[in-house]
J.: 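Just dropping this structure here.
Labels below follow one simple rule: chain letters A, B, ... track the order of the sequence lines, proteins then strands, and each chain is numbered from 1. Bear in mind that the values here come from a model prediction, so they are computed numbers and not experimental data.
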Amino acid sequence: MTSSTGPILTVENLNAYFGDFHAVKGVNLEVQRNEVVSLIGPSGCGKSTFIRCLNRLHEEVPSANCEGRVLIEGQNIYAENADPVVVRRKVGMVFQKPNPFPGLSIFENVALGLKLAGITKKSVVTEIVEWSLRKSALWDEVKDSLSSPGLSLSGGQQQRLCLARTLAVKPPVILMDEPTSALDPISTAKIEELVMELKQEVTVVIVTHNMQQASRISDKTAFFLMGELMEFDETSALFTNPKNLKTEQYITGRFG
Amino acid sequence: MGLQATSFQDRKRKAINIAALGAVLGLAFLAAVPFVLVSGYILVKGIGSVDWAFFTELPKGPGETGGGMANAMAGTGVLVTMACLLGIPWGMATGIYLSEYGHGKTASILRFTVDLLTSVPSIIVGIFVYGLIVVHIGYSSYAGAAALAIIMLPIVARSTEEIMKLIPNSVREAGLALGLPRWKVILRILVPGCMGGLVTGFMLAIARVAGETAPLLFTAFGNQFYSTSLDQPIASLPVQIYNFAKSGFPDLVRQSWAGALVLVGLVFFLNFGTRSLLYLKNRKEIKS
Amino acid sequence: MQLEVAEKLTVKQAKPKASSAPRRKLDIHFGDRVFYYILKASAWGVVGLLLLMVGLLLDMSWPAFVEFGPKFLINPEWNPWTGEFGALSFVYGTVVSSLIAVALALPVSVGVALFLNELAPTWLARPVGFFVEMLAAIPSIVYGMWGLFVLAPFLRNYLQPFLHETLGFLPLFQGPMLGYGMLAAGIILAVMITPTIASISREVFKAIPLGYREAALGLGATRWEMLKIAVLKTGASGIIGATILGLGRALGETMAVTLVIGNKAHISASLFDTAQTMASVLANEYAEADSDLQLAALTAVGLTLFIVSLFINSIARYVVWQVDKKYAGMGR
């Protein structure tokens with residue numbers, strides 16, 4: 001069932017709702033392996049809701065639901081027998097605000113996903129934790145304080161810890177919901193750098209408010225407006241030569 | 001790797017998940033059981049026991065049948081009214097001070113003290129009032145009301161503070177800008193403006209003290225007739241229920257069930273009434 | 001964003017800031033000054049009241065402390081006829097009945113809080129939450145009656161024989177099966193403190209940012225694992241605070257206990273046996289004390305209870321405050 005040639009993520013006619021409110025309207029999208037895809041658009045355009053449908057986190061909000069098909073490596077995550085818990089292990093997520101678990105040390109935070117997945121062998125866990133922390137460029141800063149609380153780190157470090165926590169379970173796809181909006185410019189730059197390195201191994205879908213960020217880090221960019229996908233193209237093409245009038249107006253700052 | 005939970009590990013986790021959530025559900029319903037049982041019993045036993053004489057007649061001696069708790073109900077009315085006369089103004093003044101002038105460390109100390117006073121066991125308040133009043137003038141309405149007032153005080157103070165803090169600062173500034181002195185702004189504009197909320201706090205405090213027994217045992221004490229003087233012992237519904245319930249005489253026990261029904265009815269009425277008042281008020285505010 | 005709209009549905013209303021009125025110099029107006037001092041005196045009067053309580057109780061119980069010294073607290077003998085007074089059996093009764101109550105109430109309360117906050121749909125959470133809160137409004141004396149006439153016979157006829165048969169090899173479950181006694185007191189207290197622990201735990205859970213729950217789910221946690229990691233573990237100190245507050249309430253509870261505990265001043269290993277708590281001995285004997293020494297000794301029991309409950313409540317409030325501080329300004 002390896003489908004390493006096809007798209008890793010396929011979204012077919014996805015609709016999402018909060019009660020009666022239609023938040024995402026009939027979106028179709030394909031993401032290839034090892035791509036970084038940015039989602040941009042004004043506040044309330046549905047881009048956050050959209051990525052929360054990709055790991056079935058949207059349905060955890062009371063009164064929220066969605067319909068459509070989302071295929072990860074060819075398999076529909078909304079299939080009858082698909083288990084959201086398994087889905088979320090394959091589609092990791094980094095949130096807007098850094099949220100290391102209080103009461104857990106740095107090490108425990110990273111190892112938590114492994115523990116949940118049933119990987120308990122100490123040598124394996126230690127190895128993966130170190131690998132994840134290295135991948136998220138945090139290892140050198142915390143290797144001597146692995147047992148101190150995750151919350152003792154600075155905001156930027158916390159966010160990299162959350163990234164490491166997500167990486168540890170080795171999901172093929174990682175979703176990021178404005179991961180830098182709560183960070184200072186230096187921490188932001190670090191995260192951006194990491195995203196670009198990470199695409200060797202994973203596929204990243206990132207929501208951002210910042211158009212410069214989208215153009216810096218992503219291969220492709222999708223523009224959302226009022227819950228609809230207005231345009232999806234190579235980043236360079238979308239920013240230099242948008243086909244849609246609304247896209248052009250947005251990226252030139254005429255609204256948003 | 002599929003998206004189904006196929007591995008043994010995942011199946012086990014799913015099973016634990018379902019079992020644990022089921023346990024949580026079970027515990028939650030277990031908590032509702034006492035409520036149903038207690039209120040059910042009070043309702044059934046109480047309705048079977050209450051009669052007209054209960055509301056109109058004085059208690060009869062042990063072993064006799066008939067009689068009622070009219071004096072106890074009147075006594076509770078007297079005691080609660082007197083307690084309000086002391087507890088509400090004092091509590092309100094404290095609450096207003098905390099809300100309007102309470103800053104920094106001293107205010108934290110005051111708040112902490114008020115909270116501690118809330119948690120003093122009510123029987124201790126009884127002993128305190130015994131030493132403060134009863135040893136000087138004897139069992140009396142004054143002593144009973146003082147004990148209830150001390151219990152009301154912190155409840156009224158904290159609810160007043162919380163309610164007053166909800167008033168936006170612009171209202172205070174608008175009042176001051178009219179050239180009103182601060183005390184007039186507070187008494188003429190702020191207090192009337194949140195009267196509904198304040199009254200809710202008072203009612204909850206009344207509901208709390210109306211059912212108090214322990215602080216009255218050796219302050220108001222109790223008797224079998226209408227009290228005509230405030231420096232004499234006075235009956236109250238909770239104390240009467242207690243005395244009748246432990247007497248063992250069937251007809252007195254019957255009357256204590258009736259008393260429990262009346263007491264719970266009163267407390268629920270006060271609670272429920274204020275809550276729906278608050279609910280309606282909130283809804284109105286959200287609409288406007 | 002729509003997401004934020006949805007979050008708002010579950011977010012509890014932002015608490016007002018500690019002080020809504022900015023600091024201002026006291027106006028020179030005469031009326032203002034009078035008003036201010038009246039309010040200030042009222043507020044400090046509360047502190048004075050609490051100090052007066054401590055002072056007066058100390059003064060009233062002084063003869064007992066002079067007579068018995070610190071031995072008062074470790075002497076199990078309480079005999080008004082011989083004039084020998086020790087508080088140990090009451091301390092024992094209070095501590096054991098309260099611990100039974102906490103042991104029973106804690107899992108139920110946390111279960112209720114989890115259910116109402118995390119699992120139940122609003123249409124169900126509201127009435128159930130209301131039921132549980134109403135439990136807190138029922139007067140203590142009514143619980144006492146129910147305990148005396150309904151719970152105690154039930155224990156005598158069903159629960160105690162059952163416990164005796166299954167766990168009777170433990171001294172805890174031996175002895176006469178009277179119904180009323182330590183076990184009945186513990187159960188009644190558990191019912192009475194459940195709303196306290198449940199409602200504070202609920203507040204604590206509500207204050208935990210939604211992000212923790214989502215992060216746990218996002219890592220592939222099942223719902224129960226999410227509750228464990230993001231809610232129970234995160235809110236642990238708050239649950240502890242709530243439990244201590246519940247304990248404080250159980251310690252001082254008087255009427256319900258007085259009616260069901262059997263009121264006998266002795267120490268028995270059996271939970272079926274009668275006992276006496278600090279609060280219940282006051283309710284039973286204070287108005288009928290035969291001697292000044294007995295009155296002083298009873299007041300000393302009261303003072304002990306007073307100080308213990310002040311201490312317990314201070315700790316609980318401190319713990320709960322720390323939790324509040326931890327999440328202050330963190331949003332959801």
J.: Contact part of B:Phe128 toward chain C, heavy-atom cut-off under 4.5 Å: side chain, backbone, both or neither?
T.: both
J.: Measure distances from C:Val47 to the heavy atoms of chain B and classify the residue's part below 4.5 Å as side chain, backbone, both or neither.
T.: both
J.: Please look at C:Val46 and chain B and tell me whether the side chain, the backbone, both or neither of the residue comes under 4.5 angstrom of a heavy atom of that chain.
T.: both
J.: Would you indicate whether the side-chain heavy atoms of B:Thr94 and B:Trp90 approach each other to under 4.5 Å?
T.: yes
J.: Answer with side chain, backbone, both or neither: which region of C:Met53 has an atom nearer than 4.5 Å to a non-hydrogen atom of chain B?
T.: both
J.: With a 4.5 angstrom heavy-atom cut-off, is it the side chain or the backbone of C:Leu282 that approaches chain B, or both, or neither?
T.: both
J.: Between C:Leu52 and chain B, with a heavy-atom cut-off of 4.5 Å, which part of the residue counts as in contact: side chain, backbone, both or neither?
T.: both
J.: Under 4.5 Å heavy-atom distance to chain B, tell me which part of C:Arg223 shows up: side chain, backbone, both or neither.
T.: both
J.: Where on C:Met134 is there a heavy atom nearer than 4.5 Å to chain B: the side chain, the backbone, both, or neither?
T.: both
J.: Have a look at C:Glu225 and tell me which of B:Lys14, B:Arg13, B:Lys12 forms a salt bridge (Lys or Arg N to Asp or Glu O under 4.0 Å) with it.
T.: B:Arg13
J.: Please classify the contact of C:Thr222 with chain B as side chain, backbone, both or neither, using a heavy-atom distance under 4.5 Å.
T.: both
J.: Residues of residues 113-121 of chain C under 4.5 Å from chain B (heavy atom pairs)?
T.: C:Leu114, C:Phe115, C:Leu119
J.: Need one label for C:Ser109: side chain, backbone, both or neither, based on atoms under 4.5 Å from any heavy atom in chain B.
T.: neither
J.: At a 4.5 Å cut-off on heavy atoms, which part of C:Ala221 comes close to chain B: side chain, backbone, both, or neither?
T.: backbone
J.: Below 4.5 Å from any heavy atom of chain B, which atoms of C:Glu133 appear? Answer side chain, backbone, both or neither.
T.: side chain
J.: What parts of residues 245-252 of chain C touch chain B if we use heavy atoms and a cut-off under 4.5 Å?
T.: C:Gly252
J.: Considering only heavy atoms, which portion of C:Leu148 lies under 4.5 Å from any heavy atom of chain B: side chain, backbone, both, or neither?
T.: side chain
